[in-house]
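Remarks on the structure that follows.
Chain identifiers are assigned alphabetically (A, B, ...) following the order of the sequence lines, protein sequences preceding nucleic acid strands; residue numbering begins at 1 within each chain.
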Amino acid sequence: MSSLNPAQRAAIRYLDGPLLVLAGAGSGKTRVITEKIAYLIDTCGFNPGNLAAITFTNKAAKEMQARVDKLLAGRSTKGLTISTFHSLGVRILREEVKAIGYKPNFSIFDATDCFAVLAEIAGSTDKATVRRLQTLVSNWKNALVTPELARKNAQNETELRAADAFAAYCTTLRAYQAVDFDDLIALPVTLLRDHAAVREKWQNRLRYLLIDEYQDTNAAQYQMLRLLTGARAAFTAVGDDDQAIYGWRGADIANLRELPRDYPNLKLIKLEQNYRSSVRILQAANALIAHNEKLFDKQLWSELGPGEPITVSVCANGEKEAESVVMKLQAHRFQQRGAFGDYAILYRGNFQARALEQFLREQRIPYLVSGGQSFFDKTEIKDLSCYLRLLNNTDDDPAFLRAVSVPRRGVGAATLQALGNYAGQRQRSFFAVLGEHGLAQHVQERQLAPLLEFHDFIERFRQRAAREAPALVLPELLAAIGYEAWLLSQDEPRTARTRWANVVEFVDWLAAKGAEEGKTLSEATQAIALVNMLDRTTPEVDAVRLSTLHAAKGLEFKHVFLIGLEEGILPHREAQIDNRIEEERRLMYVGVTRAQRSLHLSYCEKRRQGRELIPCRSSRFIDELGRADLRFSGGGEPSPPDRSLNAERFAGLKAILNKQAG
DNA sequence: GCACTTTATGTTTTT
DNA sequence: CATAAAGTGC
């Protein structure tokens with residue numbers, strides 16, 4: 001435990017009660033968690049099986065596991081839980097399903113599946129409407145609001161209709177034997193709350209909890225934590241209110257603010273020494289975040305010297321910005337004789353990566369995009385997951401609909417419509433009514449053959465999948481449906497080849513997973529829903545990292561480029577109201593504090609919106625960094641606030657407020 | 001009624 | 001660029 005500072009050491013050794021560690025960016029918070037796990041096992045004699053560390057992303061969980069393994073080299077960590085909130089939720093659900101009337105082979109719906117269910121219920125094809133409803137439902141679940149309560153709280157006709165849709169949505173999911181992401185927290189909470197025996201069992205099993213990124217917990221996750229820790233309240237929560245960037249997902253900083261109230265004997269330890277960034281970067285970050293209403297006072301400091309000045313480039317438009325950033329990065333790298341892997345380019349939205357990728361390819365600079373479209377969201381992978389989901393749970397209608405249509409087998413929209421009506425009338429799933437004798441009366445005669453053939457086909461593989469490992473069955477299923485040929489017939493040869501390569505990679509991933517933990521079909525299927533990026537360990541590759549600001553949290557880079565610093569991008573156009581501006585500011589803060597040695601900012605004077613180039617204004621956050629250490633280039637300093645532009649901004653704000661009132 | 005082709009269109013952030 | 005809606009041939 002050498003080279004820990006006194007605050008870190010205190011945080012690791014404190015065991016007398018609940019502990020909140022306020023860990024500033026780069027203050028070694030992951031280190032505190034991993035060292036504390038080692039301390040609890042080595043020095044305090046905890047059984048690893050009685051410890052759980054909870055993170056928000058798989059990436060964080062994986063990294064933590066690796067660091068713990070290294071720290072405890074040789075000693076057993078068997079039974080140690082290091083997982084995301086959602087994975088822990090699945091584990092609890094799987095063990096306790098019978099208490100809430102689900103089968104253990106339940107499906108996990110992703111956002112697309114849930115969207116389709118809600119669209120059907122609302123009878124709406126308008127995307128914006130359904131999306132609003134989806135957010136509403138998600139917010140209710142995250143706040144542990146039941147359909148009944150939502151109905152009671154409804155203020156007007158619209159809210160009442162939404163609450164009814166919510167109720168119907170829950171019923172439908174239950175009929176499908178399916179849960180959504182929010183259920184993975186909400187259901188375990190109700191379970192632990194309402195069943196004392198279950199609660200005691202889990203409290204007994206998880207005797208000490210460590211929670212990472214505590215500021216990102218939502219109400220449901222906080223309740224889960226309370227129920228798991230119980231009266232003993234043996235936990236360490238580590239967080240940073242300045243890095244709370246998931247408010248839009250229901251995360252609530254109130255959980256941080258109210259922790260001292262809920263636990264009067266809560267011990268508070270602050271980590272303020274930053275081991276990551278040079279002084280100039282840290283000063284800029286401190287100046288920026290000072291514009292937020294602060295929850296806890298915190299001043300980061302560093303012993304790492306002044307470092308390079310922060311540069312700001314003004315570019316004509318998005319393409320020019322991408323080009324300039326790539327050129328600047330090249331020049332900087334030559335001058336420093338550095339590696340590509342020392343550089344990251346960070347941005348607000350995924351779409352900003354495209355222009356960058358183009359120039360990086362042109363310059364033959366290796367790069368990796370993190371965030372962005374997940375491997376498991378690719379069409380070919382979703383196709384196969386749906387087959388697995390259907391084999392695992394034949395009540396999973398969304399999976400049925402996809403599997404029955406890919407590849408095409410002579411069953412089209414009209415037939416599925418008729419089948420859906422029949423299934424609805426019989427109160428059974430699509431797959432179930434395929435086996436009924438009455439089927440012939442409800443679909444066209446010539447449709448009968450392909451439908452029955454599909455039913456047989458699934459049934460045959462289902463029996464095999466019950467006995468054999470999914471990774472063995474899947475390749476045969478692929479051959480049986482002629483998937484490779486289908487891909488070739490659908491796409492250009494080279495896209496078809498990449499897609500098939502993805503399929504092969506997916507099968508390999510499944511095999512590796514299965515070998516690792518002896519996964520059953522239902523475990524594998526559920527794991528697929530939760531694991532987002534294919535966990536290829538690629539830190540070895542020397543490549544520039546492209547990442548959204550959200551996905552960059554928890555990472556650090558020697559040199560950071562932060563692009564698109566314009567009003568409307570960062571802060572985002574739809575985040576003009578006060579508390580959301582604060583979250584955008586924290587997002588900027590996260591970006592700034594990723595940098596160790598140098599930080600390069602850029603923004604455009606004009607940006608393409610649709611087919612037109614719209615003039616834009618530099619982000620207010622640039623001004624808030626303090627001018628002292630900024631070096632401008634490309635177009636001089638940003639123009640002083642211009643009245644016409646302010647008027648424009650005001651008009652935008654008014655439009656938003658009107659929309660909300662109406 | 002089904003399958004495949006063309007055309008428009010649009011993108012906050014993620015478990 | 002990748003998906004979704006509308007249009008065309010069978």
Side-chain angles (χ1 to χ4, degrees), chain A residues 54-61 83-90 108-112 114 125 127-128 131 135 138 141-142 179-186 213 216-218 220-221 244-251 318 346-355 357-358 370-374 376-380 382 405-418 443-447 450 486 489-492 495 499 526-533 547-553 564 568-575 580 583-584 586-588 590-591 607-611:
Chain A
I54 303 174
T55 63
F56 273 83
T57 62
N58 296 299
K59 199 169 66 181
S83 79
T84 62
F85 264 107
H86 291 83
S87 311
L88 182 61
V90 171
I108 300 174
F109 279 9
D110 66 18
T112 319
C114 301
T125 48
K127 254 168 127 180
R131 225 175 117 173
T135 337
S138 176
K141 288 199 180 187
N142 286 329
V179 299
D180 62 20
F181 282 129
D182 303 319
D183 284 333
L184 294 178
I185 312 297
E213 309 279 12
D216 289 330
T217 49
N218 61 38
Q221 286 160 336
I245 56 175
Y246 285 101
W248 51 272
R249 203 168 75 180
L346 309 180
Y347 38 81
R348 176 67 229 257
N350 282 308
F351 68 96
Q352 297 176 63
R354 192 173 303 162
E357 287 191 72
Q358 191 193 318
S370 54
Q373 205 208 14
S374 122
F376 290 92
D377 273 345
K378 292 179 190 292
T379 33
E380 59 274 23
K382 277 215 79 175
S405 308
V406 177
R408 307 261 68 169
R409 41 170 63 84
V411 178
T415 307
L416 290 175
Q417 186 73 51
V443 298
Q444 300 243 333
E445 205 185 327
R446 56 195 288 218
Q447 300 305 130
W486 154 260
S489 75
Q490 288 303 103
D491 306 299
E492 313 233 330
T495 30
R499 291 198 151 168
Q526 288 162 3
I528 290 163
L530 290 182
V531 180
N532 231 0
M533 278 149 276
S547 171
T548 62
L549 288 163
H550 282 90
K553 186 154 80 146
I569 304 272
L570 185 69
H572 190 268
R573 177 160 51 83
E574 312 225 326
R580 298 194 57 191
E583 180 152 314
E584 296 291 306
R586 291 193 289 267
L587 207 45
M588 171 92 175
V590 166
R607 185 168 287 277
R608 174 163 265 112
Q609 205 169 39
R611 34 194 158 284

Open item on the list: Closer than 4.0 angstrom, basic N to acidic O: yes or no for A:Arg586 and A:Glu583?
Closed with: yes
- [ ] Could you check A:Arg446 against A:His550 and say which one's nearest nucleotide on DNA chain B is further toward the 5' end?
- [x] A:Arg446
- [ ] Starting from C1' on B:dG10, measure out to NZ on A:Lys127 and report it in whole angstrom.
- [x] 8 Å
TODO: Take atom CZ of A:Phe351 and atom C1' of C:dT3, then tell me their distance rounded to the nearest Å.
DONE: 18 Å
- [ ] Output the single nucleotide from B:dT14, C:dT3, B:dT11 whose closest atom is nearest the side chain of A:Thr379.
- [x] C:dT3
Open item on the list: Counting neighbours of CD on A:Gln417 that are heavy atoms of other residues, nucleotides or ligands and sit closer than 6.0 Å, is the number greater than 12?
Closed with: no
Task: Spacing between A:Gln352 atom CD and B:dT13 atom P, to the nearest angstrom - done: 9 Å
TODO: For this output row, return yes or no: ring centroids of A:His550 and A:Tyr246 closer than 6.0 angstrom.
DONE: yes
Open item on the list: Taking A:Leu530's backbone N and O only, do any of them form a donor-acceptor pair with A:Asn58's side chain (distance below 3.5 Å, no angle check)?
Closed with: yes
- [ ] List the protein contact pattern of nucleotides 2-7 of chain B with one symbol per nucleotide (5' to 3'): B for base contact, S for sugar-phosphate-only contact, - for none; contact means a heavy-atom distance under 4.0 Å.
- [x] SSS---
TODO: Please determine, for the side chain of A:Ala551, which listed nucleotide (B:dT14, C:dT3, B:dT11) has the closest atom?
DONE: B:dT14
TODO: Check whether any side-chain N or O of A:Gln221 sits under 3.5 Å from a backbone N or O of A:Asn218 as a donor-acceptor pair, and report yes or no.
DONE: yes
Task: A:Trp248 aromatic ring stacked with six-membered ring of B:dT13, 5.5 Å and 30° - done: yes
Task: Sugar-phosphate only, base, or nothing, as touched by A:Phe85 at under 4.0 Å among non-hydrogen atoms - done: nothing
Task: Exercise: do A:Ser87 and A:Thr84 side chains pair donor with acceptor under 3.5 Å - done: yes
Open item on the list: Check this one for me: any side-chain N or O of A:Asn58 less than 4.0 Å away from OP1 or OP2 of B:dT14?
Closed with: no
Task: Between B:dT13 (P) and A:Arg580 (CZ): distance, integer Å - done: 13 Å
Task: A:Asp180/A:Lys141 ion pair, N-O < 4.0 Å - done: yes
Open item on the list: Measure CG/A:Leu570 against P/B:dT13 and give the value in whole Å, please.
Closed with: 13 Å
TODO: Could you state the atom-to-atom distance from CZ of A:Arg499 to P of C:dC1 in whole Å?
DONE: 13 Å
